[in-house]
Protein chains: 2
Amino acid sequence: MYIWVMDTRDKILDLGEELIRTRGYHAFSFKDISVPLGMKNAAVHYHFPSKSNLGLAIIDRTNDRFLSEIHQWSSLSKEKQLANFLKIYSRSYRQNKVCFMGALGPAYDTLPANMQEGLQKASHEIRSWLTGLLKDGLSEGVFEFTEKPGEKADLIISALLAGLIMGRVTGEPVVLSIIKNLKKQV
Amino acid sequence: MYIWVMDTRDKILDLGEELIRTRGYHAFSFKDISVPLGMKNAAVHYHFPSKSNLGLAIIDRTNDRFLSEIHQWSSLSKEKQLANFLKIYSRSYRQNKVCFMGALGPAYDTLPANMQEGLQKASHEIRSWLTGLLKDGLSEGVFEFTEKPGEKADLIISALLAGLIMGRVTGEPVVLSIIKNLKKQV
DNA sequence: ATATACATACTTACTCATAAGTAAGTACTA
DNA sequence: TAGTACTTACTTATGAGTAAGTATGTATAT
């Protein structure tokens, strides 16, 4: 019984995540979730009272998954960890999704406060993790770059984030060539 | 009389551009234009029959302005042209705006077809101009980088585009440090 | 063992707000 | 008198959200 509950809740979160990352927060409705899942709008509201509530749950779940992923990577080499990080974006490209910051950042000021907070927190996690990785890799001598680690992290995240967006507009696999070039720049 | 017409039409375009670049296409309404300009929704519809019509006009006007700007730059040195290009983004940051590709790209699939087309065209103009500039600067010896010019252009545009987005989420002037670092990388 | 109570996971049937868009009329100008 | 630039007064659609009811399984009391 309990498992069944979690199952439809998770299905809503899965679909909601896809919708945010392919269409954006303001361009999807409860109907876009309820109809494909064969249920009524009110059933979605049962699990998530409000849209912002759902939005925040999606952000938090993704952030939690990221945190557990990087934790699992912690014993790997810095190069391997960076390669894994880059792989997140090539996978996103194949799934025709942009990342959360790319999807929600442009309309940040229009988001409900709880989602703004969640997104800010998630962006902080990613930036500080990558900054630490680059800093450690630099002192270990496995990475080589002249920028400050924090600025290098922003440069990398930015290029990846926007590579996904540009890929959508241009129809070209922009992020893949960006990943290729970023690897040469560390 | 004709001048007066163009004036309110231009006011609508100005405000519409700001709304798209601060809130996104799906998060602004005709009311957000008519009320601040002290007119009725129907007056906006008089100038632009549909929202997508307005959206396209905004994109096209910005693209036309970009084209005329780069034309004016054409006699300047490659370094100066690149510096001018980068300045567009630091100005955007100060105005708390993201660029059009950043604002509209993530929800590209939800845009009306005419706007998709206009955005694609605009992105092509920017990418091909910057690619040409980098290519010429490279053979002139004023720029120095190892990537292919087209890929370098995507790397630069991506970093700038996402720097604006990240700045909004983090509250930090991400794009300014990105500009600083990009200058060292060409 | 069986009736009763209770919680979970929904559906039905709304409300209320807002959005895009339109038709018909008006004021002003050339 | 004809066109421009609007306003008034709608329509229609859609979206978030809610209140009340229903089905089903689970736990408890007798």
Side-chain angles (χ1 to χ4, degrees), chain A residues 1-20 22-59 103-104 107 109-116 118, chain B residues 1-20 22-59 103-104 107 109-116 118:
Chain A
M1 192 272 301
Y2 187 63
I3 288 170
W4 165 241
V5 175
M6 290 311 289
D7 200 28
T8 94
R9 196 188 136 91
D10 274 351
K11 279 181 188 166
I12 293 169
L13 287 169
D14 286 344
L15 185 50
E17 186 196 308
E18 192 187 317
L19 287 165
I20 286 179
T22 54
R23 306 174 57 85
Y25 182 70
H26 294 292
F28 89 89
S29 68
F30 279 84
K31 214 176 169 183
D32 293 322
I33 290 180
S34 59
V35 171
L37 296 184
M39 49 174 61
K40 303 297 164 182
N41 276 13
V44 184
H45 278 286
Y46 171 77
H47 291 282
F48 302 97
S50 73
K51 194 180 176 186
S52 70
N53 194 299
L54 171 60
L56 177 60
I58 291 168
I59 293 172
L104 300 174
D109 295 345
T110 71
L111 295 177
N114 58 346
M115 287 182 67
Q116 289 184 342
Chain B
M1 191 274 301
Y2 187 62
I3 288 170
W4 165 242
V5 175
M6 290 311 288
D7 201 28
T8 94
R9 197 188 136 92
D10 274 352
K11 279 180 187 167
I12 293 169
L13 287 169
D14 285 344
L15 185 50
E17 185 197 309
E18 190 186 317
L19 287 165
I20 287 179
T22 54
R23 306 173 56 85
Y25 183 71
H26 294 292
F28 89 90
S29 68
F30 278 85
K31 214 177 168 182
D32 294 322
I33 289 179
S34 59
V35 171
L37 295 184
M39 48 175 61
K40 304 296 163 184
N41 276 13
V44 184
H45 277 287
Y46 170 77
H47 291 281
F48 302 97
S50 72
K51 194 180 176 184
S52 71
N53 195 298
L54 171 59
L56 178 60
I58 292 168
I59 292 172
L104 300 174
D109 295 345
T110 72
L111 294 177
N114 57 346
M115 287 183 67
Q116 289 184 341

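Every chain is numbered from 1 and lettered A, B, ... according to where its sequence line falls, protein lines coming before strand lines.
The distance from atom CG of Asn41(A) to atom P of dT18(D) is 13 Å, rounded to the nearest whole Å. Distance His26(A) NE2 to dA16(D) P: 11 Å, rounded to the nearest Å. Here dG15(D) presents its P atom at 19 Å from CZ of Phe48(A), a figure rounded to the nearest Å. Across the protein-nucleic acid pair, Lys51(B) atom NZ and dT14(D) atom P stand 15 Å apart, rounded to whole Å. Note: NZ (Lys40(B)) to C1' (dA19(C)) measures 16 Å, nearest angstrom. We find that CZ of Phe30(B) is positioned 21 Å from P of dC10(D), with the value rounded to whole Å. Remark: P of dC6(D) and CZ of Arg9(B) are 12 Å apart, rounded to the nearest angstrom. Distance, Phe28(B) CZ to dT18(C) C1': 15 Å, rounded to whole Å.
What you find for Asn41(B) and Ser34(B) is that their closest heavy atoms are OD1-OG, 2.7 Å.
Thr8(B) has a side-chain polar atom (N or O) that falls below the 4.0 Å cut-off from OP1 or OP2 of dC6(D). For His47(B) and dC6(D), the shortest distance from a side-chain N or O to OP1 or OP2 is below 4.0 Å. Close to dT18(C), at under 4.0 Å from its OP1 or OP2, lies no side-chain N or O of Ser29(B).
Note on Tyr46(A): a base of the nucleic acid sits closer than 4.0 angstrom, heavy atoms only.
Considering only the side chain of Ser50(A), dG17(D) comes nearest among dG21(C), dG17(D), dA9(D). In this structure, the nucleotide among dA19(C), dT22(C), dT11(C) sitting nearest to the side chain of His45(B) is dT22(C).
Note that Lys40(B) lies outside the cation-pi zone of Phe30(B), set by a 6.0 Å cut-off to the ring centre and a 45° limit from the axis.
No side-chain heavy atom of Glu18(A) sits less than 4.5 Å from a side-chain heavy atom of Phe28(A). Under the 4.5 Å side-chain criterion, counting only non-hydrogen atoms from C-beta, Ile20(B) is not in contact with Ile59(B).
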Query - Evaluation steps, side-chain contact (heavy atoms from CB on, under 4.5 Å), between Leu54(B) and Leu13(B) - result: CA-CA 7 Å; Leu54(B) 171 59; Leu13(B) 287 169; 4.1 Å; yes
